[in-house]
2 protein chains.
Amino acid sequence: MIQSGDIGEKFALFSEHWRPKVIASLNGQEVRIVKVQGEFPWHHHDDCEEMFMVWKGRFRVEFRDRICDLGPGEYVVVPRGVEHRTAADEEAEILIFEPADVLNTGNVVDETFTAPRGVSI
Amino acid sequence: MIQSGDIGEKFALFSEHWRPKVIASLNGQEVRIVKVQGEFPWHHHDDCEEMFMVWKGRFRVEFRDRICDLGPGEYVVVPRGVEHRTAADEEAEILIFEPADVLNTGNVVDETFTAPRGVSI
């Protein structure tokens with residue numbers, strides 16, 4: 001069973017925001033795609049880094065002391081333990097690389113934003 | 001020190017084929033970019049999966065029993081231990097996601113194709 005696909009087609013399969021979908025699992029990591037709009041809660045991940053890459057739209061990765069404002073094809077790696085939040089004024093499509101067990105809201109549990117893990121598409 | 005960048009700009013910084021460059025390191029993994037043209041040697045990786053994603057051009061990931069012919073935004077995960085080779089009739093630009101210690105030619109050492117690891121860009 002080979003994992004393969006078309007990222008654009010995968011994004012076309014769903015419309016909800018802030019609910020990452022797994023498109024590939026390898027070496028204990030996952031590649032996830034997510035649609036975003038608005039502001040995500042501040043949080044951090046104690047045990048891992050996470051990488052965001054913009055597929056479509058504009059997307060901000062905000063740290064307490066700086067903001068990375070990203071367009072298509074731009075990426076940033078959030079260092080472990082560093083507080084951050086993500087945001088987008090209009091809908092954006094994002095790829096995430098991180099370990100398979102990472103909760104999207106890190107150290108925070110948020111009724112609206114904490115998403116189930118392991119949802120494949 | 002935040003790792004960030006623009007993938008298109010990173011590809012513009014080099015021209016050689018089959019020499020992966022590291023654009024991000026996280027959780028023992030690396031995101032590498034590589035320009036390819038021609039056929040790579042058959043090989044496998046005993047201990048890990050590797051993911052290829054096409055940034056630009058057309059690219060084949062060939063297995064002994066099938067060929068994945070990929071265009072921009074398409075991806076495939078090569079299962080561990082499975083023999084494969086990559087190929088492109090014309091120059092293509094590829095993202096690779098795999099553990100940091102992976103040798104590009106896997107179990108094979110090839111005078112032309114085996115590339116140094118850990119070359120960042």
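Letters A, B, ... are given to chains in the order of the sequence lines, protein chains preceding strands, and every chain is numbered from 1.
- With A:N27 contributing its side chain and B:C48 its backbone, the two residues share no donor-acceptor pair below 3.5 Å.
- Under the 4.5 Å side-chain contact rule for hydrophobic residues, A:I7 and A:V34 do not share a cluster.
- B:W18 and B:V54 end up in the same hydrophobic cluster when Ile, Leu, Val, Met, Phe, Trp and Tyr side chains are linked at under 4.5 Å.
- If you chain together hydrophobic residues whose side chains sit under 4.5 Å apart, A:F59 and A:W42 never meet in one group.
- Contact detail for B:V77 and A:S25: the closest heavy-atom pair is CG1-O, 4.4 Å.
- Heavy atoms closer than 4.5 Å to chain B are found in the backbone of A:E50, but not in its side chain.
- With chain B as the partner, the residue from A:E9, A:E74, A:R66, A:K10 showing the most heavy-atom pairs under 4.5 Å is A:E74.
- One hydrophobic cluster, built from ILVMFWY side chains closer than 4.5 Å, holds both B:F113 and B:V36.
- For a residue to count as touching a neighbouring chain, one of its non-hydrogen atoms must lie under 4.5 Å from one of that chain's; by this rule A:V31 touches chain B with the side chain only.
- Judged purely by atom type and a 3.5 angstrom limit, B:Y75 uses its side chain to pair as donor or acceptor with the backbone of A:I23.
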Are B:F97 and A:M51 close enough, and set up right, to give a side chain to side chain contact (heavy atoms under 4.5 Å, CB included), and what steps lead you there? CA-CA 12 Å; B:F97 187 37; A:M51 180 166 169; over 6 Å; no
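- In this structure, A:R80 and B:L26 have side chains that are not in contact, with every pair of non-hydrogen atoms separated by 4.5 Å or more.
- With hydrophobic clusters built from ILVMFWY side chains whose heavy atoms lie under 4.5 angstrom apart, A:I33 does not share a cluster with A:I96.
- Remark: B:E16 CD is packed, more than 12 non-hydrogen atoms of other residues, nucleotides or ligands lying under 6.0 Å away.
- Within the 4.5 angstrom heavy-atom criterion, no atom of B:L70 approaches chain A.
- Using a 4.5 Å cut-off between heavy atoms, A:Q29 contacts chain B through its side chain alone, with no backbone atom that close.
- Side-chain atoms of B:F63 and A:I2, non-hydrogen and from C-beta on, do get closer than 4.5 Å to each other.
- Chain A forms more heavy-atom pairs under 4.5 Å with one residue of B:S4, B:P72, B:G71, B:P99 than with any other, namely B:S4.
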